[in-house]
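All remarks here apply to the structure that follows.
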Amino acid sequence: MAKIFCVANQKGGVGKTTTAVNLAASLASQGQRVLLIDLDPQGNATMGSGVDKAACENTVYEVLVDGVSLVDARVKSEAVSYDVVPANRELAGAEVELVGMENRERQLKEAIAHVVSDYDFVLIDCPPALSLLTLNGLCAAHGVVIPMQCEYFALEGLSDLINTIKQVHANLNRDLKVIGLLRVMFDPRITLQQQVSEQLKEHFGDKVFDVVIPRNVRLAEAPSYGLPGVVFDRASRGAQAYVQFGAEMIERVRLL
Ligand code: ATP
Ligand code: MG
């Protein structure tokens, strides 16, 4: 039975998608069966996994709104060793269409239930908003991985996200936990980043993952080749950090 994790942070451009695709690739390279669900109309996780978002017959939109099975929406990407449920801009309309539906926040959970035994990990790349789409992700998941840059305003946004997770836990999904905070795009030469990193550890203790993802240009280049950094240049510092992060996730999940 798969463990299901959202990669979420309502702040934009903090490294959610980079984390989702590289964690998927890292886990797959360590023998795990992985499904990556793109829950963002931008479709970056889709393209970053080598799947053409414009050429998909079914996407997560059809799953959420039309009740199409994940079995018919998942795609085996040749470029990576995990399955992808693609998204494209059509998904932006799902927000509105879901509002009128019964169990609107549980559509993704119900869809995943049919494929849980096919995978060890299901990862969900959330959009940069605390929207109904993200809520579907949080309702479906056992836990949340929160990537964050160690900058001043990062901590402010974090309390909104943690409050949302607490509310979902209290009202909609008793399984939901914060699995951990992942420090990404880290540059140890910047004093402020070191300070924020220390503050994070003081406040959140062992909820902060040990692995730190450095700022690394190979991770930023990889999506233009339709590949996660871990596949594009596994030897690079950024990719190696995500390989280690995969190992840390496997270890944490064992303790869940
Ligand atoms: P959005 O909120 O728009 O979905 P996001 O949180 O998914 O954004 P990403 O798309 O993963 O963020 O990353 C934002 C940008 O930063 C991208 O151009 C990505 O390539 C780059 N980036 C992410 N992580 C790193 C890193 N460790 N080193 C260098 N560049 C990075
Ligand atoms: Mg993204």
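Because the structure is predicted, anything quoted here is derived from the model rather than measured. Note: hydrogens, waters and symmetry copies are ignored here, and every other heavy atom, side chains too, is used. We count ligands from 1, going down the list as the structure has it; atoms in each ligand are counted the same way.
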Check your understanding: Is there a donor-acceptor contact under 3.5 Å linking the side chains of Y242 and T18?
Key -> no
Check your understanding: At a 4.0 Å threshold, what atoms of ligand 1 neighbour a non-hydrogen atom of L219?
Key -> 26 (C), 27 (N)
Review point. Backbone N or O of Q193 within a donor-acceptor pair of the S197 side chain at under 3.5 Å?
Key: no
Check your understanding: Out of P214, S236, A220, who gets a non-hydrogen atom closest to atom 27 (N) of ligand 1?
Key -> P214
Point to revise | Contact check, V184 vs ligand 1, heavy-atom distance below 4.0 Å | key: no
**Study point:** 4.0 Å heavy-atom contact, A241 with ligand 1
**Key:** no
Practice item. Please determine, by modelled atom types, if S77 and Y82 share a side-chain donor-acceptor pair under 3.5 angstrom. Key: no
Review point. In the protein, what heavy atom is nearest to atom 5 (P) of ligand 1, and what distance, to one decimal place, separates them?
Key: K16 N, 3.4 Å
Exercise for review: Please tell me if the side chains of R174 and H169 come closer than 4.5 Å, counting only heavy atoms from C-beta onward.
Suggested key: yes
Exercise for review: Check M148, E151, Q149 against M185 for a side chain to side chain contact (heavy atoms under 4.5 Å, CB included) and give me the one that passes.
Suggested key: Q149
**Study point:** Step-by-step salt bridge (charged side-chain N to carboxylate O under 4.0 Å, His left out) determination, D118 to R74
**Key:** CA-CA 12 Å; D118 296 348; R74 64 185 168 188; 2.9 Å; yes
**Study point:** Nearest non-hydrogen protein atom, atom 25 (C) of ligand 1
**Key:** M185 CG, 3.4 Å
Check your understanding: Of all the atoms in ligand 1, which lie at a distance below 4.0 Å from a heavy atom belonging to V14?
Key -> 5 (P), 6 (O), 12 (O)
**Study point:** Between Y119 and D83, a side-chain donor and acceptor under 3.5 Å
**Key:** yes
Review point. Has G13 got any heavy atom lying under 4.0 angstrom from an atom of ligand 1?
Key: yes
Point to revise | Whether Y225 and F232 hold their rings parallel, tilted or perpendicular, with breakpoints at 30° and 60° | key: parallel
Check your understanding: Is there a donor-acceptor pair under 3.5 Å between the side chain of K16 and the backbone N or O of D125?
Key -> no
Practice item. Consider every N or O of T17 and every N or O of ligand 1, then say whether any pair is closer than 3.5 Å. Key: yes
Revision key, fill the gap. For G15, the atoms of ligand 1 under 4.0 Å from one of its heavy atoms are 5 (P), 6 (O), 9 (P), 11 (O), 12 (O), 13 (O)
Practice item. Would you indicate whether E57, at its atom CD, is surrounded by more than 12 heavy atoms from other residues, nucleotides or ligands within a distance under 6.0 Å? Key: no
**Study point:** ligand 1 atoms in contact with Q42 (distance to a heavy atom under 4.0 Å)
**Key:** 1 (P), 3 (O), 4 (O)
Practice item. Go through ligand 1 atom by atom and flag the ones less than 4.0 Å from a non-hydrogen atom of G12. Key: 2 (O)
Check your understanding: Are Q42 and R89 close enough that some pair of their side-chain heavy atoms sits under 4.5 Å apart?
Key -> no
Exercise for review: Using protein heavy atoms only, decide if any is under 4.0 Å from atom 23 (C) of ligand 1.
Suggested key: yes
Exercise for review: Could you pull out, from T18, D40, T19, the option with a heavy atom nearest to atom 19 (C) of ligand 1?
Suggested key: T18
Exercise for review: Examine T17 and say whether one of its N/O/S atoms is closer to the Mg ion (ligand 2) than 2.8 Å.
Suggested key: yes
Check your understanding: Does the N or O separation between N44 and ligand 1 drop below 3.5 Å for any pair?
Key -> no
Study note, to complete from the structure: protein heavy-atom neighbour closest to atom 29 (C) of ligand 1 works out as N216 O, 3.3 Å
Review point. Mind checking whether P128 has an N or O less than 3.5 Å away from an N or O of ligand 1?
Key: no
